[in-house]
Amino acid sequence: MAKIISIEEAIAMIPDGASIMFGGFLGCGSAHKIINALAESGKKDFTIIGNDCGMATGPLGEEYYGMAKLVHNHQVKRVIATHVGMTPDVGTQGMVDKTLQVDLIPQGSLAEMIRAGGAGLGGVLTPTGVGTIVEDSPLCLGKQTIEGRDYLLMKALKADIALVNAYKIDKAGNMWYKGTTRNFNVVAATAAKIVIAEADNLVEVGEIEPESVVTPGAYINYIVDGGKA
């Protein structure tokens, strides 16, 4: 059963140089309380893996929304993502300053690469990216031809830490997502050594109907009560 911990305890589990997989789509569904605390921690040299890096300006006008805080603070050494257009710091650090390694992967491929990592598979065969710069990515393990069609073999992705979020999480770690916030949280929760879940609302076991559980608590190691953090 998942253990309920403080946000300070969660940050203490994340060392310099860790690979961090995270949920969220432009910050929607991200573990914001944990990310904010990590941004204030001074820890660095992270590899972050997710759909994007949040946004330079949040929905309420706040600066550096979601993982954009870590990038802005130069706490990230590598980004593996599918879209970074809303975080100009990624372009500046990656293309101009050359201080950030950026690997851009098609969105569906990235989701499948994470899913494969969680499932214990070695990689994903996909036709997406054939004949493009994706073939030159360090995450592309080569090309194969199957029944006359070319496919790229993309590496399965796993991480040291996953930071996920849900609207409701019960004290056993079972998760229910509101609206579109499930996005990359679902696959990220399966593909890390340590999974830390931030609950917008921490509820008692039984308050989430069994058929409404999307991510079972068996995947979750630790819970942070985001409503109190």
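It should be emphasised that the depicted structure is a prediction, and the values quoted were computed from it without experimental measurement.
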Legend entry - Residue pair V102 / V90, side-chain heavy-atom distance below 4.5 Å: yes
Which pairs would a plain distance check flag for residues 38-49, meaning a side-chain donor or acceptor within less than 3.5 Å of a matching protein atom at least two apart in sequence or in another chain?
| unit_1 | atom_1 | unit_2 | atom_2 | d |
| --- | --- | --- | --- | --- |
| S41 | OG | L38 | O | 2.6 |
| S41 | OG | K43 | N | 3.1 |
| K43 | NZ | I11 | O | 2.7 |
| K43 | NZ | I14 | O | 2.7 |

Legend entry - Reported CD-to-CZ distance for the pair Q107 and F184, which is rounded to 0.5 angstrom: 5.0 Å
Inset, instruction - Work out which heavy atom in G117 is nearest to a heavy atom in A191; give both atom names and the distance. - result: C-CB, 4.3 Å
Inset, instruction - Heavy atoms only: give me the nearest N183-G24 pair and the separation to one decimal. - result: OD1-N, 2.8 Å
Legend entry - Counterpart residues, side-chain contact (heavy atoms from CB on, under 4.5 Å), relative to P210 (two or more places apart): none
Inset, instruction - For K155, enumerate each residue passing the side-chain contact (heavy atoms from CB on, under 4.5 Å) test, keeping only those at least two apart in sequence or located in another chain. - result: L139, L141
Inset, instruction - Answer yes or no: is there a donor N or O on one side and an acceptor on the other, between the side chain of S137 and the main chain of V134, under 3.5 Å? - result: no
Legend entry - Backbone N/O of F25 and side chain of N51: donor-acceptor pair under 3.5 Å: no
Inset, instruction - Under the side-chain contact (heavy atoms from CB on, under 4.5 Å) rule, collect the residues that match up with E63, sequence neighbours excluded. - result: none
Legend entry - Sub-4.5 Å side-chain heavy-atom contact between L163 and I20: yes
Legend entry - Side-chain donor or acceptor of E8 paired with backbone N/O of S6 under 3.5 Å: no
Inset, instruction - Could you tell me whether the side chain of E135 and the main chain of G131 form a donor-acceptor pair under 3.5 Å? - result: yes
Legend entry - Close side-chain approach of Y222 and I194, heavy atoms under 4.5 Å: yes
Inset, instruction - Following the transitive rule for hydrophobic clusters with a side-chain heavy-atom cut-off under 4.5 Å over Ile, Leu, Val, Met, Phe, Trp and Tyr, establish whether Y167 and I208 coincide in one cluster. - result: yes
Inset, instruction - Check whether the side chains of D89 and H72 place a donor and an acceptor atom closer than 3.5 Å, and report yes or no. - result: yes
Inset, instruction - Go through the steps for D150 and Q144 under the test side chain to side chain donor-acceptor pair (under 3.5 Å), then give the verdict. - result: CA-CA 6 Å; D150 289 337; Q144 296 188 19; over 6 Å; no
Legend entry - Minimum heavy-atom distance between G23 and S30, given as atom pair plus value: O-OG, 2.9 Å
Legend entry - Test item: D97 side-chain N/O and T99 main-chain N/O as donor-acceptor pair under 3.5 Å: no
Legend entry - Distance-only donor-acceptor check, side chains T215 and Y177, under 3.5 Å: yes
Inset, instruction - Check the pair K168 / E207 against salt bridge (charged side-chain N to carboxylate O under 4.0 Å, His left out), numbers first and verdict last. - result: CA-CA 9 Å; K168 284 186 182 181; E207 290 190 38; 5.9 Å; no
Inset, instruction - Would you please say whether a donor-acceptor pair under 3.5 Å links the side chains of N165 and D200? - result: yes
Inset, instruction - Determine whether more than 12 heavy atoms belonging to other residues, nucleotides or ligands lie under 6.0 Å from atom CD1 of I146. - result: yes
Inset, instruction - Using a 4.5 Å cut-off on heavy atoms from C-beta on, say whether the side chain of C140 contacts that of K143. - result: no
Inset, instruction - Look at the side chain of D225 and the backbone N and O of G227, then say whether any donor-acceptor pair between them is shorter than 3.5 Å. - result: yes
Inset, instruction - Just jot down the salt bridge (charged side-chain N to carboxylate O under 4.0 Å, His left out) partners of K3, sequence neighbours excluded, or say none. - result: none
Legend entry - I161 vs M21 side-chain heavy atoms within contact, under 4.5 Å: no
Legend entry - Exercise: identify the closest heavy-atom pair between S19 and A159: OG-CA, 3.4 Å
Inset, instruction - Supply the atom-to-atom distance S212 OG to M175 CE, rounded to the nearest 0.5 angstrom. - result: 14.0 Å
Inset, instruction - Look up atom SG in C28 and atom NZ in K178, then write down how far apart they are to the nearest 0.5 Å. - result: 11.0 Å
Inset, instruction - Treat each ILVMFWY residue as a node, draw an edge where side-chain heavy atoms are under 4.5 Å apart, and state whether F22 and I196 are in one component. - result: yes
Inset, instruction - Hey, could you give me the CD/CG distance between E112 and L157, rounded to the nearest 0.5 Å? - result: 11.5 Å
Legend entry - K171/E204 under side-chain contact (heavy atoms from CB on, under 4.5 Å): CA gap, chis, key distance, verdict: CA-CA 6 Å; K171 292 181 178 180; E204 297 295 331; 2.7 Å; yes
Inset, instruction - Could you state whether V205 and I169 fall into the same hydrophobic cluster, counting links through intermediate Ile, Leu, Val, Met, Phe, Trp or Tyr residues with side-chain heavy atoms under 4.5 angstrom apart? - result: no
Inset, instruction - Return yes if some donor-acceptor pair links the side-chain N/O of D103 with the main-chain N/O of I80 below 3.5 Å, else return no. - result: no
Legend entry - Whether over 12 other heavy atoms sit under 6.0 Å from E147 CD: no
Legend entry - Side chain proximity check, L100 to M95, heavy atoms < 4.5 angstrom: no
Inset, instruction - Verify, without hydrogens or angle tests, whether T145 (side chain) and G148 (backbone) share a donor-acceptor contact under 3.5 angstrom. - result: no
Legend entry - Joint cluster assignment, L125 & L152, ILVMFWY side-chain distance < 4.5 Å: no
Inset, instruction - Kindly indicate whether the side chain of V224, heavy atoms from C-beta on, has any atom under 4.5 Å from the side chain of I5. - result: yes
Inset, instruction - Enter the distance from Y151:OH to T128:OG1 here, rounded to the nearest 0.5 Å. - result: 10.5 Å
Legend entry - ILVMFWY network linking L104 to V79, side-chain heavy atoms under 4.5 angstrom: yes
Legend entry - Set of salt bridge (charged side-chain N to carboxylate O under 4.0 Å, His left out) partners for D160, sequence neighbours left out: K193
Inset, instruction - Evaluate the side-chain proximity of T82 to I105: yes if any heavy-atom separation is below 4.5 Å, no if none is. - result: no
Legend entry - Centroid-centroid distance, H32 to Y65, less than 6.0 Å: yes
Legend entry - Shortest non-hydrogen contact between G226 and E198, atoms and distance: CA-CG, 4.0 Å
Inset, instruction - Using the side-chain contact (heavy atoms from CB on, under 4.5 Å) rule, take Q101 and K77 through it: C-alpha gap first, then chi angles, then the decisive distance, then the call. - result: CA-CA 6 Å; Q101 179 180 344; K77 68 177 181 181; over 6 Å; no
Inset, instruction - Check whether more than 12 heavy atoms from other residues, nucleotides or ligands sit under 6.0 Å from atom NZ of K69, and answer yes or no. - result: yes
Legend entry - For P88 against A56, the heavy-atom pair lying closest together: CD-CB, 3.7 Å
